[in-house]
2 protein chains.
Amino acid sequence: MRFTLKQLRYFDAVLRTGSVARAAVELNISQSSITAAIDVIEQVTGAELLRRMPAKGIVPTDKGAEAGKRVRSFLEQARIFESDLLSVTGDPTGILRLACYAPTAPYVLPPILRRVSASYPSIRIELKEGNMQEISELLSAGVVDMALTYRRLTPESQPFVPMFRAKPMALIPDTSPLVKQDEVTLADLADEPMILLDLPGTHAYFCGIFEDAGLRPNVVHTTKSSSVLRGLVSAQFGYALMNICGPNDRSGDEGYIAKPISDLSDAPQFGVTYTVAAQRSSMVKSVLKTCRDIATKGGFDHLIE
Amino acid sequence: MRFTLKQLRYFDAVLRTGSVARAAVELNISQSSITAAIDVIEQVTGAELLRRMPAKGIVPTDKGAEAGKRVRSFLEQARIFESDLLSVTGDPTGILRLACYAPTAPYVLPPILRRVSASYPSIRIELKEGNMQEISELLSAGVVDMALTYRRLTPESQPFVPMFRAKPMALIPDTSPLVKQDEVTLADLADEPMILLDLPGTHAYFCGIFEDAGLRPNVVHTTKSSSVLRGLVSAQFGYALMNICGPNDRSGDEGYIAKPISDLSDAPQFGVTYTVAAQRSSMVKSVLKTCRDIATKGGFDHLIE
DNA sequence: CATCGACACTAAAACTATTTTTCCAATGAT
DNA sequence: ATCATTGGAAAAATAGTTTTAGTGTCGATG
């Protein structure tokens with residue numbers, strides 16, 4: 001037992017903030033406590049971990065950066081352990097850090113959050129949203145414990161629990177002739193002007209759907225925001241493809257309406273991933289169970305028609 | 001940060017020893033320090049973890065036992081983290097707890113220990129020996145980080161790095177007519193009196209070799225000790241089968257000599273396993289590398305002829 | 001080039017926590 | 001009944017942490 005959790009936490013804070021002073025502010029503690037902790041760690045490891053830049057802060061040496069990674073991952077384990085130990089009383093307790101693929105968040109999150117807080121009132125969920133790249137970074141950095149995302153966007157190595165298949169829908173503006181049909185085909189769409197959601201991964205995915213059918217979409221605009229996308233469709237600039245649609249998209253009140261695409265071969269799986277560090281945590285297990293429950297009970301049926 | 005590593009360690013010691021008093025002796029501290037730590041843990045978790053039995057020690061409640069498991073696994077992680085952090089200086093440092101399948105230990109261990117201490121002087125190895133059952137218990141309980149054993153004896157789920165194939169040999173006593181042959185066949189052996197090593201797994205294995213050839217060995221004695229086994233062969237009670245033989249077995253000076261068996265279909269793989277908890281430890285990685293090195297450089301050739 | 005501000009380090013004092021010491025009550029074995 | 005063993009409690013001692021206050025270094029600024 002050569003280090004205490006406190007020392008490690010101080011060390012981590014210094015590395016994160018890049019300065020003893022800033023770390024002290026963050027931790028509500030005096031600078032000297034922190035230097036003391038660092039001294040111990042450097043002395044025990046017998047290596048220079050941080051290089052002091054007078055008046056400029058601190059920069060980690062190579063060894064320091066390496067040590068930082070290990071410390072961070074251990075503190076991560078400690079955090080999970082702690083909430084896990086507190087959960088022996090019965091219900092899982094703690095703060096679960098959950099990321100969600102942003103475009104799907106407004107549809108997927110509410111039912112999950114509702115059920116989790118109903119079943120496990122002692123679990124607090126801290127949300128983060130982001131695109132696929134950001135999410136996998138958050139996961140691998142251990143900034144979040146779990147993430148809701150498409151399987152297509154998660155590395156093979158990662159555990160993935162599928163919840164539902166999200167069949168792409170076409171949002172057809174009212175002025176398009178297609179609006180009279182109950183279903184549309186890719187060929188119908190190919191000539192119409194298209195608004196494309198241009199996030200990492202989605203671009204290739206939506207274009208790929210057409211390519212697989214030997215067609216090319218007629219992209220007139222791209223945007224990184226799904227609400228801007230809906231706005232453009234509303235304003236009759238063209239149609240758009242969306243994997244997940246809400247009641248609004250189906251109502252027809254917004255100047256467009258969601259239609260199923262009849263000739264689609266497969267629909268991407270949406271589900272939940274989690275870090276290896278978190279996999280044994282009872283909190284994660286509980287949320288996982290909830291997600292599975294919702295999925296099997298058809299809790300996402302309104303999204304997939 | 002609701003617990004300190006110290007408190008967790010005390011708690012674990014109490015659970016392991018079943019008594020505050022014994023834990024105090026083990027940890028070289030006073031009883032009261034331990035009760036204090038337990039009080040904190042019970043207070044923070046808000047559950048009764050240990051039931052005090054005056055004059056009899058302490059028994060964990062259900063929750064306490066559950067908490068104990070989690071604490072133990074976390075302390076395990078902490079231990080690995082610590083040696084890992086100390087290894088940032090360059091060479092891996094720490095205490096590696098290594099188990100070895102007992103009958104093979106005298107032959108397998110020396111070259112490994114020699115190379116490890118040459119390449120990584122800061123790694124201290126703590127050895128445990130045992131039969132296959134004991135070894136898998138040690139591994140799953142996290143009492144050891146790595147184990148040297150036969151693949152046949154390790155669960156599929158566990159990572160296994162093969163080192164060499166150990167072809168069974170026959171130890172033929174000097175008075176046997178077979179001693180004149182360079183090689184023996186299973187049929188040759190079937191009629192001779194056999195001494196059988198009777199450890200969990202070996203019994204079935206050695207008998208299986210004969211069964212596969214449609215023969216039945218003529219077992220006259222069984223023993224659980226490989227040195228007793230050799231003694232019995234020396235004393236001309238019969239021959240024995242052994243997967244790993246040393247120079248002594250080949251010298252012919254002991255009243256018997258090791259002979260290859262010509263009609264054997266396959267030879268069991270011997271190698272090294274490790275716990276999931278330990279897999280990221282740089283110490284484990286280094287030892288693993290050494291084992292692989294020795295194997296590829298033929299460091300075990302003298303054992304397999 | 002003097003000055004100021006941001007920064008980190010040190011030493012001593014103040015504080016907090018842990019540990020030991022000491023004594024106690026409960027229990028079970030003899 | 002007696003004794004050894006157990007855990008619990010309180011005060012004293014010890015160890016560890018934190019703050020305070022002062023020092024020195026560097027870079028920016030006038």
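No hydrogens, no waters, no symmetry mates; every other heavy atom, side chains included, goes into these values. Each chain gets a letter, A, B and so on, in the order the sequences are listed, and its residues count up from 1.
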Report task. Examine C:dC7: is either OP1 or OP2 under 4.0 Å from a nitrogen or oxygen in the side chain of A:R52? Give yes or no. Result -> no
Requested in this report: Verify the contact: side-chain N or O of B:S19 to OP1 or OP2 of D:dG7, cut-off strictly under 4.0 Å; return yes or no.
Outcome: yes
Query raised in the report: Just by modelled atom types, is the B:C100 backbone N or O under 3.5 Å from a matching donor or acceptor in the B:T104 side chain?
Result: no
Query raised in the report: Parallel, tilted or perpendicular: which fits the ring planes of A:Y101 and A:Y150, with parallel below 30° and perpendicular above 60°?
Result: perpendicular
Query raised in the report: Any donor-acceptor pair under 3.5 Å between the side chain of A:S32 and the base of D:dT17?
Result: no
**Report entry** Sugar-phosphate only, base, or nothing, as touched by B:N28 at under 4.0 Å among non-hydrogen atoms
**Finding:** sugar-phosphate
**Report entry** Test: B:R72 and B:E76 ion pair at under 4.0 Å
**Finding:** no
Query raised in the report: Please give, in whole Å, the distance from D:dT20 P to A:I34 CD1?
Result: 14 Å
Query raised in the report: Near B:R9 CZ, under 6.0 Å, is it more than 12 heavy atoms from other residues, nucleotides or ligands?
Result: yes
Requested in this report: Using the side-chain hydrogen bond (donor to acceptor under 3.5 Å, both in side chains) rule, pick out the option among A:S286, A:S119, A:S122 that qualifies with A:D91.
Outcome: A:S122
Query - Those residues of residues 2-14 of chain B lying under 4.0 Å from DNA chain C by at least one heavy atom - result: B:K6, B:Q7, B:Y10
Query - Donor on one side chain, acceptor on other, B:S282 and B:D84, under 3.5 Å - result: yes
Query raised in the report: Start at the 5' end of DNA chain D and walk down; is the nucleotide closest to A:S33 or to A:K56 reached first?
Result: A:S33
